[in-house]
Amino acid sequence: MFTKAKVAVFLDGCFWHGCPQHHTRAVTNAGYWAEKVIRNRERDAETDRLLTEAGWSVIRVWEHDSPNEAANRVAEEVRTRRAKR
Ligand SMILES: [Zn+2]
């Protein structure tokens, strides 16, 4: 969390958060896992909504994203927000 700039960063696991590229349903109990992942995604969306309403920028980084690219996105967002005030 970058408290001053109000930028919240989440690192989402590909399986648990239903990454479009890497989430493959578990072979057994597919329904059970799918339901858990759907609930996670709903919770993520709710978290994003609450933070956005409170004036935060939300950045979600997938587990598979390159750390450099993710760091750049965060730095860029922090810079943009600082420039606005
Ligand atoms: Zn992924």
Side-chain angles (χ1 to χ4, degrees):
M1 292 268 194
F2 293 79
T3 317
K4 262 193 179 152
K6 286 196 165 188
V7 175
V9 183
F10 295 94
L11 178 67
D12 293 339
C14 290
F15 180 81
W16 289 108
H17 295 264
C19 157
Q21 283 175 49
H22 302 106
H23 177 75
T24 43
R25 279 186 202 174
V27 181
T28 52
N29 292 323
Y32 170 80
W33 291 113
E35 206 174 288
K36 263 189 145 15
V37 170
I38 287 165
R39 265 206 304 276
N40 281 342
R41 292 195 58 86
E42 283 170 358
R43 205 177 312 133
D44 292 344
E46 177 68 3
T47 304
D48 290 358
R49 192 181 62 79
L50 292 173
L51 280 166
T52 307
E53 275 178 16
W56 287 73
S57 281
V58 180
I59 295 181
R60 287 193 176 269
V61 178
W62 286 113
E63 194 184 347
H64 68 255
D65 285 337
S66 109
N68 278 342
E69 197 256 344
N72 285 341
R73 269 168 66 201
V74 173
E76 182 62 33
E77 186 63 28
V78 170
R79 251 198 312 274
T80 307
R81 295 198 57 116
R82 285 206 178 126
K84 275 183 194 151
R85 34 187 84 201

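All values reported here derive from a predicted model rather than from experimental measurement.
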Roughly how far, to the nearest 0.5 Å, is the CG atom of L11 from the CH2 atom of W62? 10.0 Å
Would you find a donor on one side and an acceptor on the other, under 3.5 Å apart, between the side chain of N40 and the backbone of H17? no
Taken in chain and number order and not counting sequence neighbours, the residues that satisfy side chain to side chain contact (heavy atoms under 4.5 Å, CB included) with T47 are F10, L51, R60
Look up atom CG in D65 and atom SG in C19, then write down how far apart they are to the nearest 0.5 Å. 8.0 Å
Which atom of A5 lies closest to which atom of R81, heavy atoms considered: O-NE, 2.8 Å
Side chain to side chain contact (heavy atoms under 4.5 Å, CB included) evaluation trace for D48 with L50: CA-CA 6 Å; D48 290 358; L50 292 173; over 6 Å; no
Counting N and O atoms only, with roles assigned by atom type, does the side chain of E63 sit under 3.5 Å from a partner on the main chain of D12, one being a donor and the other an acceptor? no
Hey, could you give me the NZ/CZ distance between K36 and F15, rounded to the nearest 0.5 Å? 10.0 Å
Any donor-acceptor pair under 3.5 Å from K6 side chain to A54 backbone: yes
Can you tell me how far apart CD (E69) and CZ (R73) are? Round to the nearest 0.5 Å. 6.0 Å
Could E46 and R49 be called an ion pair, given the rule that one side-chain N must be under 4.0 Å from one carboxylate O? yes
Got a second to check how far R79's CZ is from N72's CG, nearest 0.5 Å? 8.0 Å
Got a second to check how far C14's SG is from H64's NE2, nearest 0.5 Å? 5.5 Å
The criterion is salt bridge (charged side-chain N to carboxylate O under 4.0 Å, His left out); which residues satisfy it with R43, sequence neighbours excluded? none
Basic-acidic side-chain contact under 4.0 Å: R39, E35: yes
